[in-house]
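To start, the structure under review is shown below, and the notes come after it.
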Amino acid sequence: METPRAILGVALLLLLQTLDLVTARGEDICRLFSNNTVIRDPESCSQSITCIDSVSHYSRCTGSTPFFDKDTGKCVKSLSTSTSSCSISCEDRTTQFLADPKSCYGYYYCADEDTPMYGTCPQDTHFNATTQMCSRQYESDCTTSTFEYCNIVKNSVNFDNLQGCNMYHVCEKGVLKDKTCSKTYYQASTGECVSKALVDCDAHPLPTDVCGKASKPYENKFVADEATCRGYFYCAKQKDGTPDANPQWNQCPQDKFFDATSQMCIAPTSVKCSYDRCDGRTASFVESATKGCRNYLSCSGGVTVAENSCGNYFFNEELGACTPNVQTYTACKS
Ligand SMILES: *[C@@H]1O[C@H](CO)[C@@H](O)[C@H](O)[C@H]1NC(C)=O
Ligand SMILES: *[C@@H]1O[C@H](CO)[C@@H](O)[C@H](O)[C@H]1NC(C)=O
């Protein structure tokens, strides 16, 4: 019975990959959310997370208002039935303990028919509804459930979609929607579409026909990423003769820009490129792409912070200074 196992393997792999997008290497979920966004903890119906500078800060709802309502941001007595993944009913369960549907360590105690109270098991233990006890984690079959974003995020809050630098999500009437920034990139910390240079992201979207059209594919060729001056995609020759649909992205070393003509990484002054010319530069002042070679950029942390003019002089990038000698760098040639 080889086949079913193989299929199961593939299904599992897909599942793991999907989950990986969300909790990649245990990274903080708050890296997706803008400053001071409050969401429900995907692992507990009783906890909220406030995202401060991309870091999770937890608060717990206790006592007779044990549930966190993501829409109002308040601790409540019960959640509307639409949030079914959190529904707990104390009907006919007075003085019993119920498992938290969103965590292995949480439980609810039914003080009476309609008052669940939230509690958690000690470190390294899981709640077991059958035995009504917290038992050692290794004896437990419980695994943390997956979650849907729109169960933890309220409507109209933008958050990052790691699949592309220009992509983000928003829940509309509880349904997850994909959105794209036009000609800009999504900045998770502010929840806005901003200039590409301001976003530290390697998941550059593929330009249209990046590896050529079906009638004339680029084979074993480097092409510009159309987002940075250093970045490029490698279009590999495909066995079936179609354009590479999944070209690998990479970037030139510091202080080199990608040049499509020579297919090499070369001196920035020799490359015409008007994306952020401060990206990957070690100098504080670099040539601007503005025609005439009289302008220069001030760089800070690999990002342009200002553009200035040498007036009647020309900016000499080697010297990092304005000089009277005429400059005719390719980068800024008229
Ligand atoms: C994020 O919010 C916190 C708390 O309101 C504030 O102290 C911090 O400066 C903010 N961070 C940024 C980058 O604005
Ligand atoms: C709870 O405990 C029972 C009895 O020990 C065990 O059979 C069952 O698998 C446990 N349930 C979970 C979810 O670990």
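Not measured: the values here are computed from a predicted model. Atoms within a ligand are numbered from 1 in the order they appear, just like the ligands themselves.
Under the side-chain contact (heavy atoms from CB on, under 4.5 Å) rule, P217 has a single partner from P243, C235, C211, which is P243.
The structure places CD of E43 at 9.5 Å from CG of D100, a figure rounded to the nearest 0.5 Å. Atom-to-atom distance recorded for T323:OG1 and Q327:CD is 5.5 Å, nearest 0.5 angstrom.
Taking the six-membered ring for Trp and thresholds of 30 and 60 degrees, F97 and F127 have ring planes inclined between 30 and 60 degrees apart. The aromatic rings of Y232 and F222 sit perpendicular, their planes meeting at an angle over 60°, well past the 30° parallel limit.
In this model, a donor atom of one side chain and an acceptor atom of the other lie less than 3.5 Å apart for Y118 and S44.
No path of Ile, Leu, Val, Met, Phe, Trp and Tyr side chains, each step under 4.5 Å between heavy atoms, connects L176 with M167, placing them in separate hydrophobic clusters.
Taking every heavy atom of N128 and a limit of under 4.0 angstrom, the matching atoms of ligand 2 come to 1 (C), 2 (O), 3 (C), 8 (C), 10 (C), 11 (N), 12 (C), 14 (O).
Protein residues having at least one heavy atom under 4.0 Å from any atom of ligand 1 are N35, N36, I52, D53, listed by chain and number.
With a 4.0 Å cut-off on non-hydrogen atoms, D141 touches ligand 2 through its backbone as well as its side chain.
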